[in-house]
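Below you'll find the structure, written out as structure tokens, and then a few comments.
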Amino acid sequence: MRELLQAPYPSLVIPKPYDFAASICDHGWPMLAPFAWDAEHKTLQRVELLDTGRVVLLRLTAQEEGDNVQLQVAVKADQDLTVAEMQELEGKLRWMLKLNEDLSEFYAIAAQHNRLSHVAASGRGRLLRAPTLWEDVVKTICTTNVSWRNTVSMVQRLVARLGAPLVADPARRAFPTPQQVAAADPALFDKEIRLGYRNGYVIQLAREIVEGRRDLEALKQNALPGPELRQELRSIKGVGDYAANTLLVLLGHYHELPVDSAFRSHVKMRHFAHIPADAPPTDAEMAAVYDQWGAWKALGYWFEAGE
DNA sequence: TTCCAGGGGTAGA
DNA sequence: TCTACCCATGGA
């Protein structure tokens, strides 16, 4: 196993400003396998299966000099990567870190909010996502109606049982592909992976993809307007309003709010504390609080809640 | 034992 | 469109 320091990818343009560690940690995704966050060294690790079938370990850190940030990418692999593999990784890194998104409109609104102006100043808002929409859909389904700790456990078991292993450290595995999930014995889900009633949703989605009945990755091309994209996501069994809006955020559409128990709890406490408990605000009333954020409601809520 | 967690599907109105 | 009911899992 060789450690190949590719530092940095010269064509991987880092936006300014950009706070690598804060951006990675601004939601729970780095805690979900096969991601792992090393807080002490501010390093994001990920086991990744390449198109060639090779499994590599990525280690990402940022080197900062003033507002000039350079991404340091270390790749552990059994041999040198090919040019095509390097290009594949570069594309995946750009997607995962949302380096291509233009957040200037969001920053302009955030700068007008005293308590959120730091978000704009430090260049946050690029929430971590998986290289594939498939992985993000499965993980989002695993966040529904369970505690976060349970989500972490479910995803860990899914990766541990079905993901492709790293040669030098077989205990570390990549996220399972739709093919691997579709080919798995459903009994393995019932007995070991234990996603509860979500087992059927994940297996069904994998089969739809493998059989060519659904092309999730095509949705990343940003070819569909928001409402149609949302409708497409809602057509996935197990994806309801909350999950669809969460996935829209991951896809770079922030006009819909992922309304879950955490949203309701936060908004009630922050904006409706004077309302009697026996007459709670409706979801629509709570969502209206963020109308001022226009197309950036979800980020506005997210960073307000994260203060 | 019961409730709840970063809800969703279905049937019936 | 709205409501009631059911759904596996694991921790409190």
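Keep in mind that what you see is a predicted model, and the values were worked out from it rather than measured. Every chain is numbered from 1 and lettered A, B, ... according to where its sequence line falls, protein lines coming before strand lines.
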Item to complete: Assess whether salt bridge (Lys or Arg N to Asp or Glu O under 4.0 Å) is satisfied between A:D185 and A:R161, documenting all intermediate values.
Response: CA-CA 11 Å; A:D185 182 354; A:R161 294 299 174 190; over 6 Å; no
Discussion item. Can you confirm whether the side chains of A:N199 and A:R194 place a donor and an acceptor under 3.5 Å from each other?
Written reply: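 A:N199 vs A:R194: no donor-acceptor pair found between side chains.
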Discussion item. Do A:H271 and A:E304 pair up side chain to side chain, a donor and an acceptor below 3.5 Å, judged on atom types alone?
Written reply: yes
Please report the distance separating the [atom1] of [N] from the corresponding atom of [M], rounded so that it comes out in whole Å.
N	M	atom1	answer
B:dG9	C:dG10	C1'	22 Å
C:dC6	B:dC4	C1'	16 Å
B:dG6	C:dT3	C1'	23 Å
B:dT1	C:dG11	C1'	14 Å
B:dC3	C:dC5	P	15 Å

Looking at [N], I'd like to know if its phosphate oxygens (OP1 or OP2) sit under 4.0 Å from a side-chain N or O belonging to [X].
X	N	answer
A:S261	B:dG7	yes
A:K237	B:dT10	yes
A:R149	B:dC4	no

Worksheet entry | Closest-nucleotide ordering on DNA chain B, the 5'-leading residue of A:I236 and A:N150 |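 Of the two residues, A:N150 wins.
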Give one of base, sugar-phosphate or nothing for [X], where a contact means two heavy atoms less than 4.0 Å apart.
X	value
A:D241	sugar-phosphate
A:T144	sugar-phosphate
A:R264	nothing

Between [options], which nucleotide gets closest to the side-chain atoms of [X]?
X	options	result
A:A262	C:dT9, B:dG6, B:dA5	B:dG6
A:W29	B:dG7, C:dT9, B:dG6	B:dG6
A:Y201	B:dG9, C:dC7, B:dA5	B:dG9
A:R194	B:dG6, C:dA8, C:dG10	C:dG10

Discussion item. Please tell me whether A:Y254 and A:F106 form a close aromatic pair, meaning their ring centres lie under 6.0 Å apart.
Written reply: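 Centroid distance A:Y254-A:F106: not below 6.0 Å, so no.
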Worksheet item: Between A:H113 and A:W293, does the ring centre distance come in under 6.0 Å?
Response: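 Centroid distance A:H113-A:W293: below 6.0 Å, so yes.
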Rounded to the nearest angstrom, tell me the gap between atom [atom1] in [X] and atom [atom2] in [N].
X	N	atom1	atom2	result
A:M154	B:dA5	CE	C1'	10 Å
A:R198	B:dG6	CZ	P	12 Å
A:Q204	B:dG8	CD	P	16 Å
A:L205	B:dG9	CG	C1'	16 Å
A:Y197	C:dG10	OH	P	13 Å
A:E256	B:dG6	CD	P	22 Å
A:N145	B:dT10	CG	C1'	16 Å

Worksheet item: Does A:Y242 make a side-chain donor-acceptor contact with the base of B:dG7, cut-off 3.5 Å?
Response: no
Item to complete: In plain terms, say whether A:E48 and A:K76 are close enough for a salt bridge, that is, a side-chain N and a carboxylate O under 4.0 Å apart.
Response: no
